[in-house]
Number of protein chains: 2
Amino acid sequence: MARRTKAEAEQTREQILDAAEAVFLDRGVARASLAEIAQAAGVTRGAVYWHFRNKADVFDAMYCRVHLPMEDLFNQVLALEDGAAVDALRDYCVQSLLSLARNPRRQRVYSILFHRCEFIDELRDSNERLIAIQHRGLASMEALFRRERALGTLPNVCPRLAAVTIHTAMLGLYFDYLREPTAYDLENQAAPLVDLIFRCVS
Amino acid sequence: MARRTKAEAEQTREQILDAAEAVFLDRGVARASLAEIAQAAGVTRGAVYWHFRNKADVFDAMYCRVHLPMEDLFNQVLALEDGAAVDALRDYCVQSLLSLARNPRRQRVYSILFHRCEFIDELRDSNERLIAIQHRGLASMEALFRRERALGTLPNVCPRLAAVTIHTAMLGLYFDYLREPTAYDLENQAAPLVDLIFRCVS
DNA sequence: GTTGACAACCATACGCGAATGTATGTAACT
DNA sequence: AGTTACATACATTCGCGTATGGTTGTCAAC
């Protein structure tokens, strides 16, 4: 094969990541081979090894493509200082679920994260980064609830427990929805579900 | 090796399952080889292939060893007809978390289920059985909430949504705890956490 | 209560495919 | 001209399933 232009090379890189999403989802990360991914992308393993060091590197790139934007948004919400922070957090949760229902790529990637990969050996680093992110999120949420409680707008619920509850409830929703998306009508139930969850902390 | 007595054979079977728990947890189900499991159990692959058909069969046996008793208990709770069913359900949730914190075997196996296996190909059947169990559990919980609401002891919350919320909240707690057990003091926090969760439906 | 004989229980050996990483080739972009 | 962006070829390793071998419980039969 001849050499491609820089833009074309970037395009094949994206093709490989697209193919990785499909193959990981279908076969699981561990059982997926780079040959399958390459074939699904219409290239050979040579191309994959040119753009990525190995399978873990492909996985990380695929993950960053969808998670980094979401993380930014989350940090943005938590930085809110005014008294409407809880409402903003609730809105963020609803929007997060709606975007999950509407964005097929997010759906695929998070489905892989929750149900199609084993976070060990080569993916151990990715997992620890994920856990670190969630720790920061939890701490921020705890601080948020603490501030709100000081303002007297919330009942006397332990901020730490409240943050853990919201966090795990959303995790469980993601987990269960992605296991069987057809069992949910997330488009219509996202808001009621989040409202119900927030009833226990407000 | 010579032939063992029937009791000794059953013991090596248990040894293999014990070893499978450790190896699956350490290496993930997909990357774990039957040779590793055999070595950890102090036998050879011949013994493994005598007691089990393949890796999926080992996985199923390991899973049934801890899940079947728990499932029985759950069905028992849901069969309660009197007005204290919600309290019984809440108690069951607390006890479920406490037993998770105290029983190392349950901890290992559920950790494998949530974080160390990809439910595809050979494990697809196991997964569908799991989903079917959860469906029945959800339906029973929904019926429970419907009955309780009819008695007027609960606020006007959609029974389906209530059941889904409790279910996913517990799923999320399992998921997050098993990812990092040291981050929780489940022994002391199980009851407060479950109480907080149930605040949104009662 | 012996005694064969069969089968249970497990170890060892073999063949096979599949996946990985690297090394090398090659044509075109810059 | 030199490097980029791949394709192709090669060597190696690993794990699976099965086939085979060997020892000893187990139990019917006498």
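Each chain gets a letter, A, B and so on, in the order its sequence line appears, and its residues count up from 1.
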Trainee: Would you please confirm or rule out a distance under 4.0 Å between OP1 or OP2 of dC6(D) and any side-chain N or O of Trp50(A)?
Mentor: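 No.
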Trainee: Got a sec, which residues hit ring pair (Phe, Tyr, Trp, His ring centres under 6.0 Å) with His51(A), two or more places apart in sequence or on another chain?
Mentor: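 Expected list: none.
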Trainee: Between the side chain of Lys55(B) and the main-chain N/O of Ala32(B), is any donor-acceptor distance below 3.5 Å?
Mentor: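 Such a contact is found between Lys55(B) side chain and Ala32(B) backbone.
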Trainee: For the pair Gln189(A) and Leu97(A), evaluate side-chain contact (heavy atoms from CB on, under 4.5 Å) and give the outcome as yes or no after the intermediate values.
Mentor: CA-CA 9 Å; Gln189(A) 293 188 326; Leu97(A) 289 176; over 6 Å; no
Trainee: Just the rounded figure in Å: distance from P of dT12(C) to CD of Gln39(B).
Mentor: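 In whole Å, dT12(C) P and Gln39(B) CD are 13 Å from each other.
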Trainee: In residues 7-15 of chain A, which ones come under 4.0 Å of DNA chain D, going by heavy atoms?
Mentor: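 Ala9(A), Thr12(A) - these, ordered by number, are the residues of the stretch whose heavy atoms sit under 4.0 Å from the strand.
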Trainee: Write down the protein N/O and nucleotide N/O pairs, taken from nucleotides 16-18 of chain D, whose separation is under 3.5 Å; answer none if there are no such pairs.
Mentor:
unit_1: dC16(D); atom_1: OP1; unit_2: Leu34(B); atom_2: N; d: 3.4
unit_1: dC16(D); atom_1: OP2; unit_2: Leu34(B); atom_2: N; d: 3.3
unit_1: dG17(D); atom_1: OP2; unit_2: Tyr49(B); atom_2: OH; d: 2.4
unit_1: dG17(D); atom_1: N7; unit_2: Arg45(B); atom_2: NH2; d: 2.5
unit_1: dG17(D); atom_1: O6; unit_2: Arg45(B); atom_2: NH1; d: 3.4
unit_1: dG17(D); atom_1: O6; unit_2: Arg45(B); atom_2: NH2; d: 2.9

Trainee: Using only heavy-atom distances, determine whether the side chains of Asn54(B) and Asp57(B) contain a donor-acceptor pair under 3.5 Å.
Mentor: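 No.
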Trainee: Using a 4.0 Å heavy-atom cut-off, does Thr5(A) contact any base of the nucleic acid, only the sugar-phosphate backbone, or nothing at all?
Mentor: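 Answer is sugar-phosphate: Thr5(A) comes under 4.0 Å of backbone atoms only.
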Trainee: Would you list the atom pairs, donor with acceptor, under 3.5 Å between side chains in residues 193-202 of chain A and any protein atom, with sequence neighbours excluded?
Mentor:
unit_1: Ser202(A); atom_1: OG; unit_2: Phe198(A); atom_2: O; d: 2.6

Trainee: Between dT26(D), dC6(D), dA5(D), which nucleotide has the shortest distance from any of its atoms to the side chain of Lys6(B)?
Mentor: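 Nearest to the side chain of Lys6(B) among the choices is dT26(D).
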Trainee: Expected output is a numbered-order residue list: members of residues 117-124 of chain A with a heavy atom under 4.0 Å from any atom of DNA chain C. What is it?
Mentor: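 Within residues 117-124 of chain A, no residue comes under 4.0 Å of DNA chain C.
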Trainee: For residues Ser126(A) and Asp60(A), is any side-chain donor paired with an opposing acceptor at under 3.5 Å?
Mentor: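 Note: Ser126(A) and Asp60(A) side chains meet the donor-acceptor criterion.
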Trainee: I need the CZ-C1' distance between Arg31(A) and dT20(C), as an integer number of Å.
Mentor: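 Taking atom C1' of dT20(C) as the reference, CZ of Arg31(A) is at 16 Å.
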Trainee: Sequence neighbours left out, cut at 3.5 Å: what donor-acceptor pairs do the side chains of residues 132-143 of chain A make with other protein atoms?
Mentor:
unit_1: Gln134(A); atom_1: OE1; unit_2: His167(A); atom_2: NE2; d: 2.6
unit_1: Gln134(A); atom_1: OE1; unit_2: Arg179(B); atom_2: NH2; d: 3.1
unit_1: His135(A); atom_1: NE2; unit_2: Glu180(B); atom_2: OE1; d: 2.8
unit_1: Arg136(A); atom_1: NH2; unit_2: Glu71(A); atom_2: OE2; d: 3.2
unit_1: Ser140(A); atom_1: OG; unit_2: Arg136(A); atom_2: O; d: 2.9
unit_1: Glu142(A); atom_1: OE1; unit_2: Arg160(A); atom_2: NH1; d: 3.2
unit_1: Glu142(A); atom_1: OE2; unit_2: Arg146(A); atom_2: NH2; d: 2.7

Trainee: Can you see whether Asn188(B) engages Asp185(B) through a side-chain donor-acceptor pair at a distance of less than 3.5 angstrom?
Mentor: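 The answer is yes; a qualifying pair exists.
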Trainee: Any side-chain heavy atom of Tyr110(A) sitting closer than 4.5 Å to one from Met70(A)?
Mentor: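 Yes, close enough: below the 4.5 Å cut-off.
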Trainee: Using side-chain heavy atoms (C-beta onward) and a distance below 4.5 Å, is Val109(B) in contact with His67(B)?
Mentor: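 No - every pair of side-chain heavy atoms lies 4.5 Å or more apart.
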Trainee: Does a side chain donor of either Tyr174(B) or Ser96(B) reach within less than 3.5 Å of an acceptor in the other side chain?
Mentor: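 Yes, a side-chain donor-acceptor pair sits under 3.5 Å.
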Trainee: Within this structure, what is the NE2-to-P distance between His51(A) and dT4(D), rounded to whole angstrom?
Mentor: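 Interatomic distance, NE2 of His51(A) to P of dT4(D): 13 Å.
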